[in-house]
*Asks:* 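Structure in structure tokens, see below.
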Amino acid sequence: MIKPPVKEGEMTKTVYHHIMEQQYDEAVRILNNELQNFPRSRCALSLLGYCYYHMQDFHNASQTYGQLTQACPEVDEYKIYHIQSLMKASNYEEASQVTTTVENPEFTEQVLLLQAAISYEQDEVQLARSILDQCSPEAEERQVFEGALLWKEKRYPEAMKQFTDAMNNAGYQSDLAYNIALCYYSMKSSQYGASLKHIAEIIERGVRDHPELSVGALSEGVGGLQARSVGNTGVLRETALVEAFNLKAAIEYMMKNQEAARDALNDMPPRDESELDAVTLHNQALMEMDEKPTEGFRKLNFLLHQHPSPPETFVNLLLLYCKYGYYDLAADILAENAELTYKCMVPQDYEFLDALILAQSAPEEAYRRFDELSSKHIEALRRGTKNIQDARRQRDQNAVKKYLNEFDEALSKYIPVLMGQAKIYWDMEHYSMVEKIFRQSAEFCSEDESWKLNVAHIFFMQEKFKECIRYYEPFVRKHNDNLLSVTAIILANLCVAYVMTSANEEAEELMRLVEKEEEKVADPTKPVYHLCIINLVIGTLYCAKGNFEFGISRIIKSLEPYERKIGVDTWYYAKRCFLALGETLGKNMILLKDEAFDDIIAFFDAAAQVGKNIQTTISLLDNENAENKRTVAQEARLLKKFFLKMRD
């Protein structure tokens with residue numbers, strides 16, 4: 001729609017009214033029209049730069065202030081605004097050059113702080129500190145800057161003291177409270193509680209003082225309606241609500257509370273996707289990976305090509321590509337962004353990912369690299385063990401606590417290397433060698449939960465059922481009050497192990513407990529597959545042992561009700577058993593009763609009804625040709641045709 005022109009004589013009044021109401025886009029439209037007639041208008045350029053800056057369109061803001069400094073080279077104040085805009089646009093080199101053109105002595109202190117900030121943003125901490133030392137000790141921003149430098153140097157308690165002192169002097173400020181919360185977060189899991197306490201206060205004040213920011217509107221939305229965006233206003237920035245919710249989501253994510261992490265992001269003041277900052281977009285991508293992997297990959301790839309982007313983007317995208325088996329894409333990302341490997345990754349992380357990708361094409365060389373990495377990690381773990389023992393002998397509790405945290409961190413870095421090494425033999429189905437690798441690591445890893453579960457999987461694959469029960473059982477009992485939080489395959493493997501060791505009562509009891517848990521699930525739109533997967537695994541086991549009649553009946557039962565349980569994955573594992581049965585029938589190795597044939601045909605009819613829109617393959621990257629994709633209904637009809645022929 002064409003906007004009406006501004007009335008003659010009311011230009012200034014209209015523009016200032018829009019700015020006062022924070023309707024910057026309207027002000028920008030009017031000012032751009034004005035600049036077409038008067039391209040060097042000092043007033044129009046100044047106001048336009050101001051509007052762009054507050055709209056967070058820093059690229060246009062820096063261009064506008066650049067024009068303004070050329071039009072009015074004697075006004076150093078505009079140069080300061082130009083520097084600030086360039087910094088926000090991550091154009092640090094040009095910003096640094098402009099700082100040398102400011103001549104007015106009134107701005108000396110401000111220029112020094114800006115030069116220090118430019119160095120800080122480029123991770124030149126020592127240079128930033130030397131510039132900051134030239135500033136007056138009474139400078140208002142110096143104390144906060146000092147805290148930021150200490151945080152960058154990982155001296156978190158000292159940084160927190162600077163931020164706390166600054167808040168005591170200036171009164172409560174949300175950004176300072178956030179900085180304190182961030183320091184607690186950076187001190188690892190032991191201080192998450194203190195961090196959450198400060199975050200809660202930031203959110204509480206934001207909700208109380210600014211109800212117009214609609215905190216929680218997204219999570220309270222009814223009928224899938226999108227809440228109206230509040231935009232990136234100055235008020236939103238002052239409240240530090242976006243930063244607080246992102247930090248809360250990060251803490252919940254680190255504590256493995258995925259639902260709470262998602263809630264934290266949903267409670268954030270609503271904004272359109274185009275208005276989201278890089279950190280929020282990154283965190284959304286991570287939270288969405290389980291349910292919407294295509295969206296998650298899209299957002300991370302978008303962020304990777306933005307400058308700057310959160311440094312974690314590069315590493316997380318690589319790890320997720322490897323997790324989902326897209327090793328070629330991970331290799332491409334590594335090759336295309338060689339400079340980021342030095343900037344965003346420590347050498348050991350790079351070596352780990354490089355070996356993981358290499359394992360797909362050269363497993364022997366990858367194994368050798370994993371072995372070298374393991375030796376480095378084991379050496380660090382042995383040093384850590386000695387440090388803990390020495391601290392205990394000296395009865396230094398603080399040192400014990402410090403070394404224990406360091407040991408846990410070193411162990412968390414070693415476990416993925418161990419798993420990558422073991423996976424090479426796992427993929428070769430050389431399970432005895434996998435067991436040997438895990439036994440060698442027992443000295444350090446025997447108390448780690450993921451290690452114990454993987455040992456159980458190895459015993460299961462070797463059909464050492466009594467041994468695998470010994471590892472699965474304590475884990476399942478530990479989660480007895482919430483069995484649905486346990487990965488379904490663990491419950492399924494334990495049930496199979498019970499069956500194979502003639503402990504049928506224990507298997508039935510576990511299945512009853514899972515069934516009760518599933519009945520308690522409040523949201524009927526979210527299907528749970530635990531009992532379905534357990535029955536699928538047991539049915540598959542019986543089919544593998546040649547007892548097709550019982551195995552197939554178990555598989556059909558596992559998928560009831562069909563409209564909720566038949567999906568891409570469940571259909572894949574079910575049809576494998578039907579195909580195995582078909583092959584055996586085709587070879588005349590077994591005879592099947594008519595009743596069994598009737599049940600199978602009836603099942604395929606039902607699957608054809610509910611599976612019209614369920615595809616049989618899925619691509620997380622959503623780049624496959626839709627025409628080449630089959631549906632469950634199509635495959636069910638093909639299988640029905642085959643079994644009708646076999647019956648006749």
Side-chain angles (χ1 to χ4, degrees), residues 19-24 53-56 58 88 140-141 143-144 147-148 151 159-160 162-186 191-222 225-255 257-284 286-287 310:
I19 291 173
M20 189 176 70
E21 296 295 322
Q22 297 186 7
Q23 296 168 351
Y24 299 116
Y53 190 90
H54 282 81
M55 289 168 72
Q56 297 189 40
F58 302 117
K88 290 285 190 181
E140 190 179 332
E141 295 175 6
Q143 194 169 30
V144 177
W151 181 85
M160 190 158 55
Q162 292 289 341
F163 295 135
T164 306
D165 290 347
M167 194 150 73
N168 289 339
N169 294 335
Y172 185 89
Q173 290 179 17
S174 295
D175 56 345
L176 289 174
Y178 169 76
N179 289 348
I180 294 167
L182 184 62
C183 287
Y184 276 122
Y185 169 77
S186 303
Q191 298 296 336
Y192 284 166
S195 183
L196 285 168
K197 183 182 172 186
H198 283 278
I199 290 167
E201 187 175 2
I202 295 168
I203 294 169
E204 188 182 328
R205 284 174 179 262
V207 171
R208 186 182 66 229
D209 298 343
H210 299 283
E212 74 278 9
L213 292 178
S214 307
V215 170
L218 276 179
S219 55
E220 292 166 10
V222 180
L225 294 174
Q226 184 70 36
R228 184 182 289 276
S229 167
V230 298
N232 287 310
T233 61
V235 171
L236 182 61
R237 286 196 297 281
E238 286 166 19
T239 59
L241 279 170
V242 169
E243 293 83 354
F245 277 116
N246 271 314
L247 187 54
K248 185 181 180 185
I251 292 171
E252 298 292 1
Y253 187 81
M254 294 299 288
M255 292 168 70
N257 300 330
Q258 304 286 348
E259 200 63 40
R262 245 179 302 233
D263 288 344
L265 290 181
N266 287 335
D267 286 341
M268 204 179 279
R271 291 173 294 166
D272 295 333
E273 187 173 282
S274 60
E275 297 171 328
L276 295 179
D277 57 287
V279 175
T280 303
L281 201 64
H282 170 272
N283 290 346
Q284 277 189 358
L286 285 190
M287 303 306 166

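What you are looking at is a predicted structure, and each value in this text was computed from that prediction instead of being measured. Only heavy atoms go into these numbers, but all of them, side chains included; no hydrogens, no water, no symmetry mates.
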*Asks:* Could you tell me which non-hydrogen atom of Tyr178 sits nearest to which non-hydrogen atom of Ala240, and how far apart they are?
*Replies:*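 Residues Tyr178 and Ala240, closest heavy atoms: CB-CB, 4.5 Å.
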*Asks:* How would you list all residue pairs meeting ring-ring contact (aromatic ring centres under 6.0 Å, His included) that involve residues 257-281, not counting sequence neighbours?
*Replies:*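 Every candidate ring-ring contact (aromatic ring centres under 6.0 Å, His included) pair involving residues 257-281 fails, so no pair, neighbours aside, qualifies.
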*Asks:* Sequence neighbours excluded, which residues qualify as side-chain contact (heavy atoms from CB on, under 4.5 Å) partners of Val207?
*Replies:*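 Partners of Val207 by the side-chain contact (heavy atoms from CB on, under 4.5 Å) criterion, ordered by chain and then number, come out as Ile203, Val215.
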*Asks:* OH of Tyr24 to OH of Tyr53: how many Å apart, nearest 0.5 Å?
*Replies:*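 The distance works out to 12.0 Å.
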*Asks:* When rounded to the nearest 0.5 angstrom, what is the spacing between CG in Leu213 and CG in Leu241?
*Replies:*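 Between Leu213 CG and Leu241 CG, I get 6.0 Å after rounding to 0.5 Å.
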*Asks:* Is a donor on one side and an acceptor on the other found under 3.5 Å between the side chain of Asn246 and the backbone of Asn283?
*Replies:*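 No.
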*Asks:* Can you sort out the partners of Ala249 under side-chain contact (heavy atoms from CB on, under 4.5 Å), two or more places apart, ordered by chain and number?
*Replies:*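 Ala249: side-chain contact (heavy atoms from CB on, under 4.5 Å) contacts with Ala264, Leu265, Met287.
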*Asks:* If you compare all heavy atoms of Ala181 against all heavy atoms of His198, which two are closest, and at what distance to 0.1 Å?
*Replies:*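 That closest heavy-atom pairing would be CB-CB, 3.8 Å.
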*Asks:* Can you name the one residue among Glu243, Arg271, Gln56 that meets side-chain contact (heavy atoms from CB on, under 4.5 Å) with Asp277?
*Replies:*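 The side-chain contact (heavy atoms from CB on, under 4.5 Å) with Asp277 is passed solely by Arg271 among Glu243, Arg271, Gln56.
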*Asks:* Find the distance between CH2 (Trp151) and CD1 (Ile180) and round it off to the nearest 0.5 Å.
*Replies:*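 Separation between the atoms: 15.0 Å.
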*Asks:* Between Gln284 and Leu281, is there a side-chain heavy-atom distance shorter than 4.5 Å?
*Replies:*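 In short, these two side chains touch, coming nearer than 4.5 Å.
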*Asks:* Under the side chain to side chain donor-acceptor pair (under 3.5 Å) test, which residues partner Thr164, sequence neighbours left out?
*Replies:*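 None.
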*Asks:* Report the residues that fulfil side chain to side chain donor-acceptor pair (under 3.5 Å) with Arg205, sequence neighbours left out, ordered by chain and then residue number.
*Replies:*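 Scan of Arg205 (side chain to side chain donor-acceptor pair (under 3.5 Å), adjacent residues dropped) gives Glu201.
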*Asks:* Hey, could you give me the CG/CE distance between Asp165 and Met167, rounded to the nearest 0.5 Å?
*Replies:*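 One finds 10.5 Å between CG of Asp165 and CE of Met167.
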*Asks:* Show the nearest heavy-atom pair for residues Arg237 and Asn232, with the distance to one decimal.
*Replies:*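 Reported closest heavy-atom pair: NH1-O, 3.3 Å.
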*Asks:* For Phe163 and Val144, work out which heavy atoms get closest and say how close.
*Replies:*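 Minimum heavy-atom contact is CE2-O, 3.4 Å.
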*Asks:* Measure the CE-CG distance between Met268 and Leu236 for me, rounded to the nearest 0.5 Å.
*Replies:*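 Answer rounded to 0.5 Å: 9.5 Å.
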*Asks:* Sequence neighbours excluded, which residues qualify as ring-ring contact (aromatic ring centres under 6.0 Å, His included) partners of Tyr253?
*Replies:*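 With neighbours one apart ignored, the set is empty.
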*Asks:* Could you check whether any side-chain heavy atom of Glu238 comes within less than 4.5 Å of a side-chain heavy atom of Thr233, counting everything from C-beta outward?
*Replies:*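 A side-chain contact under 4.5 Å is absent here.
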*Asks:* Are the side chains of Tyr172 and Ile202 in touch, meaning some heavy atoms are under 4.5 Å apart?
*Replies:*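 Heavy-atom side-chain distance check passes, below 4.5 Å.
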*Asks:* Identify the two heavy atoms, one from Ala159 and one from Gly147, that lie closest to each other, and give their separation to 0.1 Å.
*Replies:*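 Where Ala159 meets Gly147 most closely, the heavy atoms are CB-O, 3.3 Å.
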*Asks:* Please report the interatomic distance CD1(Ile199) to CD(Glu204), rounded to the nearest 0.5 Å.
*Replies:*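 Interatomic distance, Ile199 CD1 to Glu204 CD, rounded to 0.5 Å: 13.5 Å.
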*Asks:* Minimum heavy-atom separation for Thr239 to His210, with atom names?
*Replies:*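 So the minimum-distance heavy-atom pair works out to CG2-CD2, 3.5 Å.
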*Asks:* Can you label the angle between the Tyr192 ring and the Tyr185 ring as parallel, tilted or perpendicular, going by 30° and 60°?
*Replies:*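 Parallel.
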